[in-house]
Amino acid sequence: MNYHKISLKQKGVSLVGLLMWSIVLVLVAITSLRIAPAYIEYSSIKKNLSAVAKDPNLQNANLNQIRLAFIKRAQIDDIKSISGQDIKIDRENGRVILSTNYTVKIPLFSNVSLNIDFEAVSN
């Protein structure tokens with residue numbers, strides 16, 4: 001009779017439950033570590049687009065000079081997802097607006113991969 005009362009009060013995680021949760025956490029961590037570089041590069045692209053668009057020396061520059069300025073910045077930040085030719089350049093109210101769309105394919109495991117579409121626009 002005493003054993004029945006003790007077993008009702010016991011609480012905790014079983015070994016099987018612990019293993020299942022650890023597998024889930026490891027899979028989430030691995031996926032996050034594979035996705036993180038794509039978002040870091042997106043942030044770098046957006047920062048460089050904004051910096052080129054805000055550069056006062058490039059406000060009256062031609063398209064090739066603007067692309068060259070982005071290419072130089074992209075080389076420093078090791079941007080490989082896009083090139084200078086992938087940038088769309090518009091002028092609105094005397095301001096330069098740069099934008100780009102690109103897709104990153106991230107292999108997760110075996111034949112499963114993740115495609116992420118990015119759209120970066122200078123402010």
Side-chain angles (χ1 to χ4, degrees):
M1 298 257 177
N2 252 351
Y3 294 113
H4 183 62
K5 288 181 181 179
I6 291 174
S7 67
L8 290 177
K9 292 182 181 180
Q10 290 180 352
K11 296 181 181 177
V13 179
S14 67
L15 181 61
V16 174
L18 181 66
L19 289 175
M20 293 297 271
W21 278 109
S22 63
I23 289 171
V24 169
L25 287 175
V26 166
L27 289 175
V28 168
I30 289 172
T31 304
S32 299
L33 288 173
R34 289 186 182 223
I35 292 173
Y39 280 95
I40 291 170
E41 187 174 39
Y42 166 74
S43 174
S44 179
I45 289 170
K46 190 166 176 135
K47 178 188 73 162
N48 286 334
L49 289 176
S50 294
V52 170
K54 291 178 182 177
D55 189 353
N57 297 329
L58 297 174
Q59 293 303 316
N60 296 321
N62 64 25
L63 302 180
N64 289 331
Q65 290 172 333
I66 294 171
R67 283 193 172 97
L68 183 63
F70 177 80
I71 290 170
K72 287 179 181 179
R73 288 176 175 270
Q75 286 176 345
I76 293 171
D77 286 339
D78 196 31
I79 295 173
K80 295 183 179 170
S81 293
I82 65 169
S83 66
Q85 301 303 319
D86 298 328
I87 298 172
K88 182 181 175 191
I89 303 170
D90 294 323
R91 295 186 192 269
E92 292 180 7
N93 300 328
R95 289 182 36 208
V96 175
I97 306 293
L98 304 175
S99 62
T100 186
N101 296 323
Y102 65 99
T103 301
V104 176
K105 183 177 181 180
I106 302 169
L108 294 178
F109 53 88
S110 185
N111 62 348
V112 177
S113 61
L114 181 65
N115 282 342
I116 304 175
D117 295 325
F118 290 103
E119 181 179 341
V121 178
S122 65
N123 296 337

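- Not a single donor-acceptor pair under 3.5 Å links the side chain of Glu119 to the backbone N or O of Tyr102.
- Summarising the geometry, atom CD1 belonging to Ile66 is positioned 9.5 Å from atom CG belonging to Asn60; distances are rounded to the nearest 0.5 Å.
- The hydrophobic cluster containing Val121 does not contain Leu98, counting ILVMFWY residues as joined when their side-chain heavy atoms lie under 4.5 angstrom apart, directly or transitively.
- The backbone N or O of Ser81 sits less than 3.5 Å from a side-chain atom of Glu41, completing a donor-acceptor pair.
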Side-chain donor/acceptor pairs under 3.5 Å, residues 71-79, sequence neighbours excluded:
residue: Asp77; atom: OD2; partner: Ser44; partner atom: OG; Å: 3.3
residue: Asp77; atom: OD2; partner: Asn48; partner atom: ND2; Å: 2.9

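- Here the options are Val28, Leu33, Ile35, the test is side chain to side chain contact (heavy atoms under 4.5 Å, CB included), and the partner is Thr31; only Ile35 passes.
- A side-chain donor-acceptor contact under 3.5 Å links Arg67 to the backbone of Ile87.
- Here the CG atom belonging to Leu68 is positioned 12.5 Å from the CG atom belonging to Leu63, to the nearest 0.5 angstrom.
- Atom CZ in Arg91 sits 10.5 Å away from atom CD1 in Ile97 (nearest 0.5 Å).
- Between Ala38 and Val104, the shortest heavy-atom distance links the atoms CB-CG1, 4.1 Å.
- Apart from Ile23 itself, the hydrophobic cluster it occupies contains Leu27, where clustering links Ile, Leu, Val, Met, Phe, Trp and Tyr at side-chain heavy-atom distances under 4.5 Å.
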Pair Thr100-Ile45, side-chain contact (heavy atoms from CB on, under 4.5 Å): steps then yes or no: CA-CA 9 Å; Thr100 186; Ile45 289 170; 4.2 Å; yes

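- Between Phe70 and Ile82, some side-chain heavy-atom pair lies under the 4.5 Å cut-off.
- The distance from the OG atom of Ser122 to the NZ atom of Lys47 is 14.5 Å, given to the nearest 0.5 Å.
- The CG atom of Leu108 lies 7.0 Å from the OG atom of Ser113; values are rounded to the nearest 0.5 Å.
- Every residue meeting the ring-ring contact (aromatic ring centres under 6.0 Å, His included) condition with Tyr42, not counting sequence neighbours, appears here in chain and number order: Phe118.
- Taking a 6.0 Å sphere around CG of Asn62, one finds it holds more than 12 heavy atoms contributed by other residues, nucleotides or ligands.
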Give the C-alpha distance, both sets of side-chain angles, the deciding distance and a yes or no for side-chain contact (heavy atoms from CB on, under 4.5 Å) between Asn57 and Gln65. CA-CA 10 Å; Asn57 297 329; Gln65 290 172 333; over 6 Å; no

